[in-house]
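Just so you know, residue 1 is the first one in the sequence shown, and it goes up from there. Just so we're clear, the structure is a prediction, and the values are computed from it rather than from any experiment. Numbering of ligands and ligand atoms starts at 1, following listing order.
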Amino acid sequence: MQYLGKNRLIAETYIEGLLVGKTTILSKSLSLIESSLQADRVVSLKVLEGILANTGKSIRVGITGGPGVGKSTFIEAFGLYLVGCGHKVAVLTVDPSSQRTKGSILGDKTRMEQLSKSSNAFIRSSAARNSLGGVARHTRESILLCEAAGYDVVLIETVGVGQSETEVRDMVDFFLLLMISGAGDELQGIKKGIIEMADALAITKADGDNIKQAAHARIVYENALHFLTPANSLWQPPVVTCSAKEDLGIDVIWKSIGSYSSLMLENGYFEEQRREQRLIWLQECIKQSIDQHLKHQHSNSSTIDQIQLKVREGKLFPPQAATEMLSEIIPKDR
Ligand code: GDP
C-alpha cells in the first residue's frame, strides 16, 4: 500500500493529465486509488467522478490460467500484436496471493519486457493485497483510469488459482482461459466452474514437439464444452491453439474477441453485462463498507467483542449475532 502524503496532487491535476493520456499521471492516479488513507480516498473519488464520462470505451478482456501456463508470454505477444494493429493496450495484473511479492511492478516489467517498452502499452501490477474485495475494487477503478487515459484494450491478468477469476469475470467483457496440453488427462485439476466462465479457451505452447498434443487437447476441450453450461447461451466458446513464442494463433484469438463483441453489441448483451457488473460492484462496495464500519466499531466498542466471544463459545447463533452486530453500526434512530 502506498501512502502518498505530500506527493498527492489535487484532483483536477489527475483528471487533466489522464484525459490527455499522460502515463506518469496514470501511474500516480493508480497509486492514489490503491491508498487506504482517507484523504487519498476523498481525492480518488473526485478523480473517478471527473473522468467517468470518458470511460467505458475499451474492450475489457480477462485472461486467466494456472501458474506456468504461459500467461505473461501470451500477454506480451498479444499486446504487441494489438499495438501493431494500432491499439493502445493496458495490462493490469490481479494477484491476490503473495506469489509475486516485493517489487511486483518491476517484476511484471521484466515479465513483459518488449511490451513494456512500447509507448502504446501500459503495464501495472496491483501491489495492494488487502482483504475482502480490495483487489477487485482497485482493479475496477484502474480499468476506468486506463480508459480515461485513452487505452482502448484493457487486459486483466489473473492467476488461475482461487477466487480471483470470479472477481475478474465480473469486471470484463470477455474472459479468456489459457490451458496447457497434458498427457491425455487435460481435464484433471481444472475446475469445471472456471471453464464454464470462459468465453474462449486457448491451448498455449502449441509449437515444436507439442503441436500434436495441443491439437489433441483442443478436441478434448471442444468435446468437454458440449457437456458444460456456457457462460453465455448466445455464444459457443471457441477452443483454439496458440504459440506465443512463434506468434501463432494470436490473431485468431483477437478475431474471436471481435466476433464476440460485434454480436453482443448488436443483441444488447454487451451493455446488459456491464449494467449487471455495475450492480455487482455496488454490492461489493456495500459489503466492504459494512466490513470497514464493523472493524472501526470493533476497535471502539466491547459489544462486538462480546458477540464474537459468544459465537465462538456456541452461546449465540451466528445469524442472530449478525443481526445484533449490524444493529451496532446502523444508527439507532432509523
Ligand atoms: P505464467 O506463469 O502463466 O505467466 O507463464 P510464463 O509466461 O512465465 O511461461 C512459463 C514458461 O512457459 C516459460 O518458460 C515460457 O518460456 C514458456 N512458454 C510460454 N509461452 C510459450 C510458448 O508459446 N511456447 C513454448 N514452447 N513455451 C512457452
(request) Answer yes or no: are there more than 12 heavy-atom neighbours, outside Glu49 itself, under 6.0 Å from its atom CD? (result)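 Open: at most 12 neighbouring heavy atoms sit under 6.0 Å from CD of Glu49.
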Give yes if a backbone or side-chain nitrogen or oxygen of [X] is under 3.5 Å from a nitrogen or oxygen of ligand 1, and no if not.
X: Gly70; value: yes
X: Phe74; value: no
X: Cys242; value: no
X: Asp207; value: yes

(request) Please check if the side chain of Arg60 supplies one atom and the backbone of Asp173 the other of a donor-acceptor pair under 3.5 Å. (result)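 It does not hold such a pair.
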(message) Quick check against the 3.5 Å criterion: does Arg274 have a side-chain atom that pairs as donor or acceptor with the backbone of Gly56?
(response) yes
Identify which of [options] has a heavy atom lying nearest to [atom].
atom: atom 7 (O) of ligand 1; options: Thr93, Thr64, Thr73; result: Thr73
atom: atom 3 (O) of ligand 1; options: Lys71, Glu246, Met112; result: Lys71
atom: atom 8 (O) of ligand 1; options: Gly65, Pro67, Ser72; result: Ser72

Need the ligand 1 atom indices (1-based, order shown) with element for anything under 4.0 Å from a heavy-atom of [X].
X: Ser243; value: 23 (O)
X: Ala244; value: 23 (O)
X: Gly66; value: 3 (O)

(message) Is any side-chain heavy atom of Leu48 closer than 4.5 Å to one of Leu145?
(response) yes
Which pairs of donor and acceptor atoms, one on a side chain in residues 222-229, lie under 3.5 Å apart (sequence neighbours left out)?
| from | atom 1 | to | atom 2 | distance (Å) |
| --- | --- | --- | --- | --- |
| Asn223 | ND2 | Ile219 | O | 3.4 |

(message) Is it true that Glu165 and Thr158 share a donor-acceptor pair across their side chains at a distance under 3.5 Å?
(response) no
(request) Determine, using heavy atoms of Gly68 and all atoms of ligand 1, whether some pair is separated by less than 4.0 Å. (result) yes
(message) I'd like to know whether ligand 1 has Val69 as a neighbour, heavy-atom separation below 4.0 Å.
(response)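 It does, in that a heavy atom of Val69 comes within the 4.0 Å cut-off of ligand 1.
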(message) Show me the pairs that pass salt bridge (charged side-chain N to carboxylate O under 4.0 Å, His left out) and involve residues 308-325, at least two apart or across chains.
(response) none
(message) Determine whether Ile59 and Tyr260 satisfy the following criterion, side chain to side chain contact (heavy atoms under 4.5 Å, CB included), listing intermediate values before the conclusion.
(response) CA-CA 11 Å; Ile59 172 99; Tyr260 177 89; 5.8 Å; no
